[in-house]
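Nothing fancy with the numbering, it's 1 onward along the sequence. Here the structure is a predicted model, which means the values were calculated and not measured. Reckoned from all heavy atoms, side chains included, excluding hydrogens, waters and symmetry mates.
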Amino acid sequence: VSLGNRNAMLDFNSTQLPATKNVQLDFTLIDNKTGNNIQHTTYLVTISNESQRLFTETVHSHDGHILMEFVPSTTEPYKINANFDTLSASYIADYSGPIKVIGNIFSPGNYMVSLEVTGVDFDNLFLPAPLEFEFPVSISS
């Protein structure tokens, strides 16, 4: 995708941790020319299944890399273990760990993860139109 005078790509991986049944989403917006992470990236993350939206939150990374870990729980509504950054109006990870989401988001089935890049380069600089990406995620039993 074009981002001003840069071309960017989104590196996205999802992993199911079999021993714990936790699900990790790992993503980074990368400058295609330099191969470097695009700094201070803010994302609107939405997870849905065929019938409903299950999760929508805004997350931010100062170094451009986001790791989210979804921990199964009966907690309703879900709880996010991360700091809230007022400049970017989003959650950021504690001490380079994952942003943990505790609740009933993933179970066996098929999901769509929508990532909208809403800001780059500064904590409080927002794009006029978000960069939109979608990724299918399949969770086994």
Side-chain angles (χ1 to χ4, degrees), residues 1-18 20-141:
V1 296
S2 278
L3 185 59
N5 62 351
R6 298 176 281 191
N7 283 323
M9 67 171 220
L10 189 72
D11 182 27
F12 176 86
N13 293 295
S14 65
T15 307
Q16 184 176 5
L17 305 174
T20 61
K21 298 293 185 185
N22 294 358
V23 174
Q24 289 186 335
L25 303 180
D26 188 340
F27 47 96
T28 308
L29 191 65
I30 298 172
D31 183 321
N32 271 343
K33 185 176 181 180
T34 65
N36 295 330
N37 295 1
I38 295 177
Q39 305 289 299
H40 296 285
T41 307
T42 304
Y43 300 87
L44 177 64
V45 179
T46 302
I47 299 168
S48 56
N49 62 15
E50 293 175 5
S51 61
Q52 65 182 338
R53 184 175 61 203
L54 304 168
F55 177 88
T56 301
E57 293 292 345
T58 304
V59 298
H60 178 83
S61 173
H62 297 305
D63 70 0
H65 173 249
I66 298 277
L67 177 61
M68 298 182 74
E69 186 167 344
F70 293 82
V71 179
S73 170
T74 57
T75 302
E76 292 289 337
Y78 58 81
K79 179 182 175 196
I80 298 177
N81 285 351
N83 291 318
F84 190 80
D85 181 77
T86 54
L87 278 177
S88 64
S90 56
Y91 289 98
I92 59 171
D94 290 330
Y95 309 109
S96 300
I99 294 171
K100 285 201 174 188
V101 179
I102 317 259
N104 190 21
I105 306 297
F106 288 106
S107 58
N110 295 314
Y111 298 85
M112 186 61 67
V113 176
S114 171
L115 301 174
E116 293 183 24
V117 178
T118 59
V120 296
D121 298 327
F122 298 96
D123 286 356
N124 59 352
L125 177 65
F126 298 97
L127 298 174
L131 307 175
E132 297 180 8
F133 303 89
E134 285 194 338
F135 301 94
V137 173
S138 181
I139 303 300
S140 61
S141 53

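- Summarising the geometry of Gly64 relative to Thr41, their closest heavy-atom pair is CA-OG1, 4.0 Å, with the distance given to 0.1 Å.
- Among pairs with a residue in residues 1-17, those fulfilling salt bridge (Lys or Arg N to Asp or Glu O under 4.0 Å) read Arg6-Asp121, at least two apart in sequence or across chains.
- With sequence neighbours left out, Asp26 forms a side-chain hydrogen bond (donor to acceptor under 3.5 Å, both in side chains) with His65.
- Ile47 contributes atom CD1, which lies 5.5 Å from atom CG of Leu25 (distance to the nearest 0.5 angstrom).
- Take Asn110 and apply the side-chain hydrogen bond (donor to acceptor under 3.5 Å, both in side chains) test, not counting sequence neighbours, and it matches Ser138.
- Two residues are said to be in side-chain contact when any heavy atoms from C-beta on lie closer than 4.5 Å; Asn81 and Ile102 meet this criterion.
- Remark: the backbone N or O of Gln39 is not paired with any side-chain donor or acceptor of Asn37 at under 3.5 angstrom.
- Remark: Leu87 pairs with Asp85, Asp123, Asn124 by the side chain to side chain contact (heavy atoms under 4.5 Å, CB included) rule, at least two apart or across chains.
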When the side chains of residues 111-120 are checked against the rest of the protein, which donor-acceptor pairs come out under 3.5 Å, sequence neighbours left out?
| residue | atom | partner | partner atom | Å |
| --- | --- | --- | --- | --- |
| Tyr111 | OH | Ser107 | N | 2.9 |
| Tyr111 | OH | Ser107 | O | 2.8 |
| Tyr111 | OH | Ser107 | OG | 3.3 |
| Thr118 | OG1 | Thr42 | O | 3.4 |

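- Phe70 meets the ring pair (Phe, Tyr, Trp, His ring centres under 6.0 Å) test with Phe55, Phe106; sequence neighbours excluded.
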Apply side chain to side chain contact (heavy atoms under 4.5 Å, CB included) to the pair Gln24 and Leu67, showing each step before the final yes or no. CA-CA 7 Å; Gln24 289 186 335; Leu67 177 61; 4.1 Å; yes
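- For the pair Val59/Ile80, no side-chain contact is recorded, criterion being any heavy-atom separation below 4.5 Å from C-beta on.
- From Leu44, atom CG reaches atom OG1 of Thr58 across 4.5 Å, with rounding to the nearest 0.5 Å.
- For Thr74, there are no side-chain hydrogen bond (donor to acceptor under 3.5 Å, both in side chains) partners two or more places apart in sequence or in a different chain.
- Taking the six-membered ring where the residue is Trp, Phe135 and Phe133 present parallel rings, their angle staying beneath 30° rather than reaching 60°.
- Every residue meeting the side-chain hydrogen bond (donor to acceptor under 3.5 Å, both in side chains) condition with Ser140, not counting sequence neighbours, appears here in chain and number order: Gln16.
- Rounding to the nearest 0.5 angstrom, the gap separating the CZ atom in Phe12 from the OG1 atom in Thr28 is 11.0 Å.
- In this structure Thr34 satisfies the side chain to side chain contact (heavy atoms under 4.5 Å, CB included) test together with Asp31, Asn36, sequence neighbours excluded.
- Listed by first then second residue, pairs satisfying salt bridge (Lys or Arg N to Asp or Glu O under 4.0 Å) with a partner in residues 46-67 number zero, not counting sequence neighbours.
- Taking both residues in full, the closest heavy atoms of Leu54 and Tyr78 are given as O-CE2, 3.9 Å, listed atom of the first, atom of the second, then distance.
- Here the straight-line distance linking atom CG of Asn22 with atom CG of Leu17 works out to 5.5 Å at 0.5 Å rounding.
- Residue Lys100 holds its NZ atom at 12.0 Å from OG of Ser73, rounded to the nearest 0.5 Å.
- At least one side-chain heavy atom of Phe27 sits less than 4.5 Å from a side-chain heavy atom of Tyr43.
- Glu76 is linked by a side chain to side chain contact (heavy atoms under 4.5 Å, CB included) to Asn104, counting only residues two or more places apart in sequence or in another chain.
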